[in-house]
Undergrad: 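Structure in structure tokens, see below.
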Amino acid sequence: MKFVVLTIFPEMINPFLENGMLRLAVERGIIDARALNIRDYAEGKHRVTDDKPYGGGCGMVMKPEPLSRAIGAASEIAPTARRILLTPQGRPFDQAMAQDFAASDGLIFICGRYEGVDERICQGMVDEEVSIGDYVMTGGELAAMVIVDAVTRLLPGVLGGDESAEKDSFSGGLLEHAHYTRPSVFDGEGVPDVLMSGNHAEIEKWRRETSLIRTFLKRPDLLEQREFSREEKHVLTEWCRRIEDLVG
Ligand code: 4GY
């Protein structure tokens, strides 16, 4: 999987690739990630990448020509890669999109700075606009790294152990169950008995149930489109009944 990041701050990219699972993925040859400096594709002594906005106003706009040439160079490195512009105006990034990206063979990230990118780049040379959330950063670089990270952990050979189960935890559309490790008592707080019971069927049942309930409590929006299984309907109606009993 090839990742090419187009940025005027290529030094921002490498540190993310030098640690943890991304580093492992690079070492194993599963991903090839590189940054291209947009400034290298700008002309003139000063290699200017920005200019004043037509129509006036404050701030600067990224000039189209250097970006266009940088996108051309990236497309030579990764000819079949999807070209993604990181912007708050994009389609919200989520786990389903990460799965979809993980099935592609490359991604080119266009990282804007200043007030934004000349609209003709957005219109003509970008396959999709993606947002990592409803806030404004100073540039698209961190957004690109967020996507590289979330996509890389989904690639075959990156996670250890029981891979697909681990990777499915969110893709199942629910939040993860709680996790505990030693010591068995910390700050006076113990660990749920079922996790100490050694009964694996009961443990799995508890994990599925608490996943569902904590999703309902913390992120009910995630359940809005969900098709509940028989077991999930049972769990939810049982909690409902217990609450009604309590209230009387
Ligand atoms: N949110 N999701 C985001 C962002 C910075 C001005 C255009 C976001 O993806 N990117 O905040 N990007 C802006 C900065 C130019 C990109």
Side-chain angles (χ1 to χ4, degrees), residues 1-17 21-22 31 33-42 46-75 78 81-104 106-155 170-171 219 221-222:
M1 163 80 95
K2 276 196 174 124
F3 298 115
V4 186
V5 183
L6 306 182
T7 168
I8 57 168
F9 296 119
E11 323 80 70
M12 282 184 71
I13 305 306
N14 277 336
F16 291 97
L17 305 171
M21 235 140 66
L22 291 190
I31 65 167
R34 64 183 90 178
L36 295 186
N37 192 341
I38 295 163
R39 196 173 295 282
D40 291 344
Y41 301 89
H46 299 290
R47 301 200 167 271
V48 175
T49 57
D50 60 326
D51 204 344
K52 292 173 296 190
Y54 276 124
C58 58
M60 299 293 267
V61 176
M62 292 193 78
K63 289 168 68 59
E65 308 96 312
L67 266 173
S68 163
R69 285 191 287 266
I71 293 169
S75 294
R82 290 153 78 170
R83 292 162 300 186
I84 296 160
L85 177 70
L86 288 321
T87 162
Q89 301 186 20
R91 190 155 65 92
F93 183 66
D94 62 8
Q95 193 63 22
M97 206 188 290
Q99 301 269 9
D100 183 39
F101 285 166
S104 73
L107 299 172
I108 295 168
F109 298 103
I110 299 141
C111 303
R113 283 268 153 180
Y114 320 116
E115 299 311 303
V117 169
D118 188 287
E119 186 66 17
R120 292 161 295 185
I121 291 291
C122 313
Q123 300 275 327
M125 306 198 71
V126 164
D127 295 314
E128 46 212 313
E129 298 186 352
V130 173
S131 167
I132 63 159
D134 292 338
Y135 39 80
V136 183
M137 296 182 289
T138 58
E141 289 79 6
L142 286 174
M145 289 303 97
V146 164
I147 295 174
V148 166
D149 189 288
V151 169
T152 298
R153 68 179 286 284
L154 296 176
L155 300 174
F170 200 109
S171 318
R219 291 292 308 279
D221 56 297
L222 294 177

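As the structure lists them, so they are numbered: ligands from 1, and atoms in each ligand from 1. Residues take their numbers from the sequence shown, with the count starting at 1.
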Undergrad: What atoms in ligand 1 come closer than 4.0 Å to a heavy atom of Ala143?
TA: 9 (O), 10 (N)
Undergrad: Please could you name the atoms of ligand 1 that Val136 approaches to less than 4.0 Å, counting only its heavy atoms?
TA: 11 (O)
Undergrad: At a 4.0 Å cut-off, with the gap strictly under it, does some heavy atom of Tyr114 reach an atom of ligand 1?
TA: yes
Undergrad: N/O to N/O below 3.5 Å, does that happen between Met137 and ligand 1?
TA: yes
Undergrad: Report the part of Ile132 in contact with ligand 1, treating N, CA, C, O as backbone and CB onward as side chain, heavy atoms under 4.0 Å; options are side chain, backbone, both, neither.
TA: both
Undergrad: Out of all atoms in ligand 1, which are within 4.0 Å of some heavy atom of Gly133? Include the element for each.
TA: 1 (N)
Undergrad: Tell me which protein heavy atom sits closest to atom 12 (N) of ligand 1, plus the residue, atom name and distance to 0.1 Å.
TA: Gly139 O, 3.8 Å
Undergrad: Which option, Leu142, Leu85, Leu86, Thr138, owns the non-hydrogen atom nearest atom 7 (C) of ligand 1?
TA: Leu86
Undergrad: For Val130, take its heavy atoms, then give the atoms of ligand 1 lying under 4.0 Å from any of them.
TA: 9 (O)
Undergrad: In terms of atom number and element, which parts of ligand 1 are under 4.0 angstrom from non-hydrogen atoms of Gly116?
TA: 15 (C)
Undergrad: Any N or O of Glu115 that comes nearer than 3.5 Å to an N or O of ligand 1?
TA: no
Undergrad: Are any of the N/O atoms in Gly112 less than 3.5 Å from those in ligand 1?
TA: no
